[in-house]
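Heads up: the structure comes next, in structure tokens.
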There are 2 protein chains.
Amino acid sequence: MTTPGYPVPMEWRELDLGNCSVAATLSLVGERWTLLILREVFAGLHRFDEIADHLGISRRVLTERLKQLVDAGLLERRSYQEAGQRSRPEYHLTPRAHDLQWVLAALLQYGDTHLGDTANAPVLLEHSGCGGHVHVELRCTCGQEVAGSAVEPALGPGAVRVSS
Amino acid sequence: MTTPGYPVPMEWRELDLGNCSVAATLSLVGERWTLLILREVFAGLHRFDEIADHLGISRRVLTERLKQLVDAGLLERRSYQEAGQRSRPEYHLTPRAHDLQWVLAALLQYGDTHLGDTANAPVLLEHSGCGGHVHVELRCTCGQEVAGSAVEPALGPGAVRVSS
DNA sequence: TCACCTGGGTTCCACTTCGAAACTTAGAGG
DNA sequence: CCTCTAAGTTTCGAAGTGGAACCCAGGTGA
């Protein structure tokens, strides 16, 4: 039942994905719209109507996603009050959410490189204070930068075999 | 209508997202299962039943996603023939797909850091040949490594204002 | 030549999720 | 108490999903 000749150990197909970090992260932010909502918050939109209008998402789905993100601890509800208005909620990133910047940056960089005009990116990532531009890279413990094609998934110490 | 005090220029809410690279990349790989399928192929599974069985995805959806990925130029159909069997298709990554390694690596790293036992990752990324481990990092043109919280989206030269 | 096996899909159906638009709600101000 | 506003809810037809059964092409053995 094994297929010799593949670069990855044959045990990959026995790896229990219930344990997999990619799947876990996707179950947190992998639904339609979730990452785009987070990106809007990263970009400085914090209010329901702002996000709904800019993204063109249905209000029903936005309600649901915001609730999930708050429950997941990625967004935090704060109150704001504009003059002459009652207090309303605003959504802000939690520290846990800041580390999703890597995911968003990787998606942005892929789109800029392969799906758009590389020289005319609509959005840039700036390094706060410094003003330089930020990009994503893969780096090996050996110190070198690594190409995507030079990376191979391997089973780690926490790998669990499927039970069934 | 603008909200002073935010770090991002007020024009963000006027940015036309039809042009946005994050949205473009997500429309390519943002559907449920798509990234997990690609990860299986990265890991060395290339055949319909292998992927369906390991992922637990319905065969109907797998058929659809593979077709989309081939149409999008991320997967390539090749034929293989096992002794005593007719020739059947296998799915392999195209060069364009290799650059999605950044996205997968970022998702993996987030899950390892925030959702699992960091010291016992089920999957590691190895640098081909070298044997070292690969991680994702954000780096500024100034040369420094950058934290997720120190990155701010900014409008680039290709930014387009919404028409409506 | 014909039944059988295998892997790679299709088909069908019940169920969930989505999008669009209308509707509701809780204060603040007049 | 009437109105205004932002933040949801509701409703309903359309689209997407999971599961299981079914189909199909080509290679084999009888």
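Throughout, protein chains are lettered first and strands after them, A, B, ... in sequence-line order, and every chain is numbered starting at 1.
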Take the protein atom [atom1] of [X] and the nucleotide atom [atom2] of [N], then report the distance between them rounded to whole Å.
X	N	atom1	atom2	value
B:Leu66	C:dT10	CG	C1'	14 Å
B:Arg59	D:dC22	CZ	C1'	11 Å
A:Asp49	D:dG8	CG	C1'	9 Å
B:His46	C:dG8	NE2	P	13 Å
A:Leu55	C:dG19	CG	P	11 Å
A:Arg88	C:dA26	CZ	C1'	8 Å
B:Phe48	C:dT6	CZ	C1'	14 Å
A:Arg65	C:dT17	CZ	P	9 Å

Residue [X], side-chain atoms from C-beta onward, closest of [options]:
X	options	result
A:Arg77	D:dG8, C:dA28, C:dG9	D:dG8
B:Arg60	D:dG19, C:dG19, D:dG26	D:dG19
A:Pro89	C:dG8, D:dG18, D:dA7	D:dA7
B:Tyr80	D:dG8, C:dT10, C:dG7	C:dG7
A:Val61	C:dG9, D:dT9, C:dG19	C:dG19
B:Arg86	D:dG27, C:dA26, D:dG8	D:dG27

When rounded to the nearest 0.5 angstrom, what is the spacing between [atom1] in [X] and [atom2] in [Y]?
X	Y	atom1	atom2	answer
A:Ser79	A:Arg88	OG	CZ	11.0 Å
A:Glu64	A:Glu31	CD	CD	7.0 Å
B:Arg59	B:Asp49	CZ	CG	4.5 Å
A:Leu17	B:Leu36	CG	CG	7.5 Å
B:Ile37	B:Leu74	CD1	CG	11.5 Å

Could you pull out the closest heavy-atom pair between B:Ala119 and A:Pro157, with the gap in Å? O-CG, 3.7 Å
Does D:dA6 have OP1 or OP2 under 4.0 Å away from a side-chain N or O of A:Gln81?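 No.
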Ignoring backbone atoms, establish whether A:Gln85 has a side-chain N or O less than 4.0 Å from OP1 or OP2 of C:dA26.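 Answer is no, no contact under 4.0 Å.
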With the threshold set at under 4.0 Å for non-hydrogen atoms, list the residues of residues 29-39 of chain A touching DNA chain D in residue-number order. none
Residue met sooner reading DNA chain C from 5', once A:Gly84 and A:Gly56 are mapped to nucleotides: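 Comparing both residues, the 5'-ward one is A:Gly56.
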So, are B:Glu90 and B:Arg78 salt-bridged, with charged N and O less than 4.0 Å apart? no
Parallel, tilted or perpendicular: which describes the rings of B:His92 and B:His46, with under 30° parallel and over 60° perpendicular?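 Parallel: the ring planes of B:His92 and B:His46 meet at under 30°.
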With DNA chain D as reference, determine whether A:Tyr91 or B:Ser58 sits nearer its 5' end, using the nearest nucleotide of each.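 Looking at DNA chain D, the more 5' nearest nucleotide goes with A:Tyr91.
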